[in-house]
Amino acid sequence: MQISLHINGSLRDVYVDPRTTLIDALRDHLGLTGTKKGCDHGQCGACTVLVDGRRINACLTLACMAQDSEVTTIEGLGTSDALSPLQTQFLNDDGFQCGFCTPGQICSATAMLGEMAAGWPSHASDSLSGPFLLSHAEIAERMSGNLCRCAAYSNIIEAIQNAAHAEGSSGDAP
Amino acid sequence: MTRHLKVDAPDNESRVDQMAQGVLGMPINRIEGHHKVTGSATYAADAGAEGMAYGVLVQAAIPAGRVAEIGDVPGVLAVIHDPRMLRRAAQGMATEGPPAGPQQIDFMGQAVALVVAETLEGAQAAAHALRVRYEAYQVPVDPDAVDPELPEDKQSSSGDLDAAMRKAAFTVDNVWHTPSHAAAAMEPHAAVAQWAGDCVTIRAGLQMLGSSREQIADALGIDEGQVRLLAPYVGGGFGSKLGINAESVAAAIASKQLGRPVKVVMSRPQVFDLAHRRSETTQRVRLSCDTNGVLSGIGHEALVSNLPEAEFSEPVTQATPFTYQAAHRQIVHKVARIHRSCAGSVRAPGEAVGVTVFECALDELADAAGIDPVELRLRNIPETEPGTGRPFSSHKLAEALRDGAQRFGWADRLTPRARIEGEWYVGMGVAAAVRVNSLIESRAKVTLTPQGRATVETDMTDIGTGTYTILGQIAAETLGLDIGYVDVRLGDTDFPRASGSGGSFGAASSGTSVYLACVEIRDQIAARMGCAEADLTLQDSTARCGNIVRRLGDIVTSPLAGNGHLEPGKTEDSVRQATWGSHWAEVAVNRWTGETRVRRMLGVFACGRVLNHKTARSQCLGGMTFGIGMALTEAMEHDPRDGHIVTRDLAEYHIPCHADVPPMEVHFLTERDAYVGPLQAKGLGELGICGAGAAVLNAIHNACGVRVRSLPATPDKIIAGLDP
Ligand code: FES
Ligand code: FES
């Protein structure tokens, strides 16, 4: 089937099998291989992309379902010459090793900071209404959908805290 | 043009310390990092190609037998069931292909066919629809249900352990069980194969390209020269990509048959089935000591499993003979031949589970003897290697224990259930870290251009280990260049053959070959400067010799090339080489639910020269986190009827997630180990896991008084030990 996807600010037409998931459309049909497939089952978060600003698992979404949305992938967040604040901090704080889970971690963290700013509580929050601290526990809870076998976890959390502070986002690290 | 070094003697010169650039060891950012944070790093499955076809592996639904018939399925390009297809993955460093011929089935989940279609969706649907008829055999799948082999060279004993146990003031004699473990690298195994005439290029996720190339050539029945492997980025390995696996050979066969590029990516459950598992182990540890806690006896018996005729067996007791001293000793190694999936190397084969269990046993002995666990260990550290009398290249266990105790606040540790916070029992645990160390033959080429840029080329891989960066740092340091002027090119068999990534030998081995290549270039520069290489200072693209100072660009008018070739030598045997450390954990155990939360963790490590403090620390964090998983959550459960892996995805096999991992601290002891050559650097990719789980398990005991000897320590097992 012919579908049109708004990706990283441009409209792309692509012909796919109706069973094609968003991640496979991105990777195999649109050449956007920055999004990784770690499990294809919604279990690892490596395929996290933003759909209308919200983080989703691209492996659990059919490509045709994303037609009326704006999809942002890691390629849309920054480039080597113009890294996003999170990308910069992941680099500085060594928030990765093999790098395979990294695009998913960064997309996830991008949306997660937005969720905190929007006042969404988590299991680790002290209150339902915020404000929320950018504490280790709060971030770890909110990022737990993104697995990292290299286990850059504590570096990732520092990177997120540092990026959020650099951005002057609400909340404080403990 | 080639600088060759066989490490036959210690190198106390510390030439690297005399270099002037000051970049080696520094915690600089990964030089390839921007590719990883922007998604432009190209892993195996990221390769695109005109006319790509997609292959999906089909797996055996019986534990053993023969394929009687493969059905037809419409709408596919090919169903491939070829005698060259692999029945299991190659073991690391094997020089031949592993057993082939998918006609025969050795374990449930083995690859039996490849379905290839125009689209991934088409191939997946066809692979599901494909009917395979089997002729099944009855085979054993339970390691406890067979008579194990006792390989002669793997048993050893001295003195009389039974007598020592009878006479001792305090003893421990218990049995531990560790389940099968998965490497579970986040990148599933993948290969993209494409032929040009009789030569095949395969992009794959592989840790060691040189030996993998030999394996591929052997498996396909072609010459090594006809095979090129590319693995510039590898999404984690942890042993699971040491040797070739079903996907790469199947992709190559399909690509040849169809005359077009073929991509085969394993599904996550396939990775669990087809990548080597770490064998489950049953370990009996016997310890005896006098009233002062001085050990008189050490016994360590291990039962592991693997497929019939598979050479590898988990070397559980590898570090036991040399870590501690005792007059009476017994090592027993048993292998059960059963039809579970193939067992092989998973991060720190041997010590990962062997040291972990042994360090739990020592904790029990400390408890029995009423001696502080740190103190007990300190009282039993040998001067020379027990049994052989060889000197240690270094033995830093005592220092790591003392340093860690201080940093962690060990003095505040209380007795079990003495520290209660709300509904949580809180406790601390300690364990030693130890891992054997080795070098593997490695080659590299370095070129210095008139523009003042250096290029490092070797078929070494960076599997998250930081190889790009540390090899760049070594070249920058030795040639006096800003790191920004060094390009590192890895993961291509067209480059000189390196050690590959495995067994913690990658950094020291490939790093030394790069160092040697750079020294070769230094020689050429020194000749142009009219001085001896030893008198040459290279810094910030400038060469200095006495009072002669010249820009590198003025001396290097045409590219200078140097090759480095490292071989392990006599120091392999003349000394016992190992890396050392100590693990510390504080945990909270919920008194009602039995849930364990790790609150903080510290690792203190001694691994020779640290080549980059940032990436080295990350390696250790990764190992320690594997330890959390081993202690608390990770278990491959095998179906008792057919041996198949029940927990074969990331929702069932629980690797630690963000919320499982507390803030962690890593400290490196300053050390130079001269017995490993001019870099004086040892491995550290595996040290972090060796014993880490024991620190957690020992902390659980210190928190709530429960000993869990069947890993992992899930809430049900802890609750069973808590009084109502
Ligand atoms: S690939 Fe989508 S969650 Fe793992
Ligand atoms: S960096 Fe390797 S899995 Fe996260």
Side-chain angles (χ1 to χ4, degrees), chain A residues 16-20 24 27-28 31-44 46 73-75 77-80 83 86-88 90-92 94-103 106 124 136-137 139-157, chain B residues 27 29-30 32-43 45-46 48 52 54 119-122 124-125 183-188 233-238 265 267-268 462-466 614-615 617-619 621-626 649-651 655-664:
Chain A
V16 295
D17 186 304
R19 297 166 291 188
T20 305
D24 291 332
R27 291 179 49 81
D28 291 337
L32 293 169
T33 53
T35 305
K36 303 302 180 202
K37 188 191 281 186
C39 70
D40 215 14
H41 285 49
Q43 298 169 346
C44 75
T73 67
I74 188 71
E75 290 93 345
L77 291 181
T79 59
S80 283
L83 299 176
L86 272 165
Q87 288 171 321
T88 302
F90 267 66
L91 199 51
N92 291 339
D94 215 30
F96 56 91
Q97 293 179 44
C98 76
F100 196 80
C101 72
T102 314
I106 292 174
H136 184 103
I139 296 175
E141 172 62 27
R142 291 172 185 264
M143 289 295 294
S144 274
N146 291 85
L147 300 178
C148 176
R149 187 54 155 169
C150 298
Y153 292 127
S154 52
N155 290 353
I156 291 172
I157 290 178
Chain B
N29 291 349
R30 289 174 200 257
E32 85 293 7
H34 60 101
H35 287 305
K36 291 177 173 172
V37 300
T38 56
S40 58
T42 46
Y43 301 83
D46 297 345
M52 185 86 80
Y54 295 84
T119 64
L120 176 61
E121 296 74 25
Q124 283 170 336
M186 290 310 301
E187 177 200 23
Y233 290 96
V234 181
F238 315 114
V265 184
S267 70
R268 179 52 63 178
D462 187 329
I463 62 174
T465 36
K614 187 178 285 194
T615 57
R617 176 175 173 274
S618 292
Q619 284 273 89
L621 292 177
M624 290 157 68
T625 305
F626 263 65
D649 62 39
L650 294 168
I655 67 170
C657 72
H658 269 286
D660 296 321
V661 180
M664 302 211 269

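Predicted, not measured: the structure shown is a model, and the values here were computed from it. The sequence lines fix the lettering, A, B, ..., with proteins before strands; numbering per chain opens at 1.
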- Item | Any donor-acceptor N/O pair, Tyr54(B) side chain to Glu121(B) backbone, under 3.5 Å | no
- Item | Shortest non-hydrogen contact between Gln97(A) and Cys150(A), atoms and distance | NE2-O, 2.9 Å
- Partner residues of Asp46(B) under the salt bridge (Lys or Arg N to Asp or Glu O under 4.0 Å) criterion, sequence neighbours left out: Arg27(A), Lys36(A)
- Thr465(B) vs Thr615(B), side-chain contact (heavy atoms from CB on, under 4.5 Å): CA-CA, chis, key distance, verdict: CA-CA 7 Å; Thr465(B) 36; Thr615(B) 57; over 6 Å; no
- Query: If you count heavy-atom pairs under 4.5 Å with chain B, which of Asp24(A), Thr73(A), Asp94(A), Ile74(A) comes out on top?
  - Reply: Asp94(A)
- Message: Quick check for you: among Asp17(A), Val16(A), Leu83(A), Thr102(A), which has the greatest number of heavy-atom pairs under 4.5 Å with chain B?
- Response: Asp17(A)
- Query: So, do Tyr153(A) and Met143(A) sit near enough that their side-chain heavy atoms are less than 4.5 Å apart?
  - Reply: no
- Message: Shorter than 4.5 Å, heavy atoms on both sides: which option in Met664(B), Met624(B), His35(B), Arg617(B) has the most such pairs with chain A?
- Response: Arg617(B)
- Message: Heavy-atom pairs under 4.5 Å with chain B - which of Ile106(A), Thr35(A), Asn92(A) has more of them than the others?
- Response: Asn92(A)
- Taking the side chain as C-beta and beyond, is there a heavy-atom pair between Met186(B) and Ile655(B) under 4.5 Å? yes
- Give, as side chain, backbone, both or neither, the part of Ala185(B) having an atom under 4.5 angstrom from any heavy atom of chain A. backbone
- Residue, of Gly33(B), Ser267(B), Ala125(B), that accumulates the most heavy atom pairs under 4.5 Å with chain A: Gly33(B)
- Top contributor to chain A contacts, counting heavy-atom pairs under 4.5 Å, from Gly39(B), Gly48(B), Gly236(B): Gly39(B)
- Query: Using non-hydrogen atoms only, which part of Leu650(B) is less than 4.5 Å away from chain A: side chain, backbone, both, or neither?
  - Reply: both
- Item | Closest-packed option against chain A by number of heavy-atom pairs under 4.5 Å, given Pro27(B), Gly623(B), Pro656(B) | Pro656(B)
- Under 4.5 Å from a heavy atom of chain A, the part of Val234(B) involved: backbone
- Task: Please report the C-alpha distance between Phe90(A) and Lys36(B) in whole Å, then the side-chain angles of each, then the deciding distance to 0.1 Å, and finally whether the side-chain contact (heavy atoms from CB on, under 4.5 Å) criterion is met.
- Result: CA-CA 10 Å; Phe90(A) 267 66; Lys36(B) 291 177 173 172; over 6 Å; no
- Item | Segment of Ala41(B) engaging chain A (4.5 angstrom heavy-atom cut-off) | backbone
- Measure Thr119(B) against the heavy atoms of chain A and call it side chain, backbone, both or neither at under 4.5 Å. side chain
- Message: Quick check for you: among Ile463(B), Asp649(B), Asp660(B), which has the greatest number of heavy-atom pairs under 4.5 Å with chain A?
- Response: Asp649(B)
- Is chain B contacted by the side chain of Leu86(A), its backbone, both, or neither, given a heavy-atom distance below 4.5 Å? neither
- Message: So for Leu91(A), is it side chain, backbone, both, or neither that comes closer than 4.5 Å to the heavy atoms of chain B?
- Response: both
- Max heavy-atom pair count under 4.5 Å with chain B, selected residue of Ser144(A), Ser154(A), Cys44(A): Ser144(A)
- Query: In terms of heavy-atom proximity below 4.5 Å to chain A, should Pro662(B) be classed as side chain, backbone, both, or neither?
  - Reply: backbone
- Let me know if Gln619(B) has heavy atoms under 4.5 Å from chain A in its side chain, its backbone, both or neither. both
- Non-hydrogen atoms of Lys37(A) and Pro188(B) that approach each other most closely: O-CD, 3.3 Å
- Query: By a 4.5 Å heavy-atom criterion (distance strictly below it), what part of Ala183(B) contacts chain A: side chain, backbone, both, or neither?
  - Reply: backbone
- Message: Determine whether a donor-acceptor pair (N or O, by modelled atom type, separation under 3.5 Å) exists between the side chain of Arg149(A) and the backbone of Cys101(A).
- Response: no
- Message: I'd like to know which of Glu75(A), Arg19(A), His41(A) tops the heavy-atom pair count under 4.5 Å against chain B.
- Response: Arg19(A)
- Query: Residues two or more places apart in sequence or in another chain: which of them pass ring-ring contact (aromatic ring centres under 6.0 Å, His included) with Tyr43(B)?
  - Reply: Phe100(A), Tyr233(B)
- Query: Counting heavy-atom pairs under 4.5 Å to chain B, which of Pro103(A), Gly34(A), Ala151(A) comes out on top?
  - Reply: Ala151(A)
- Task: Quick one: do His658(B) and Ile156(A) satisfy side-chain contact (heavy atoms from CB on, under 4.5 Å)? Show the steps, please.
- Result: CA-CA 9 Å; His658(B) 269 286; Ile156(A) 291 172; 3.7 Å; yes
- Query: Is there a donor-acceptor pair closer than 3.5 Å between any side-chain N or O of Arg268(B) and the backbone N or O of Gly38(A)?
  - Reply: yes
- Message: Quick one, Met52(B) with Asp28(A), criterion side-chain contact (heavy atoms from CB on, under 4.5 Å). Give me CA distance, side-chain angles, the key distance, then yes/no.
- Response: CA-CA 10 Å; Met52(B) 185 86 80; Asp28(A) 291 337; over 6 Å; no
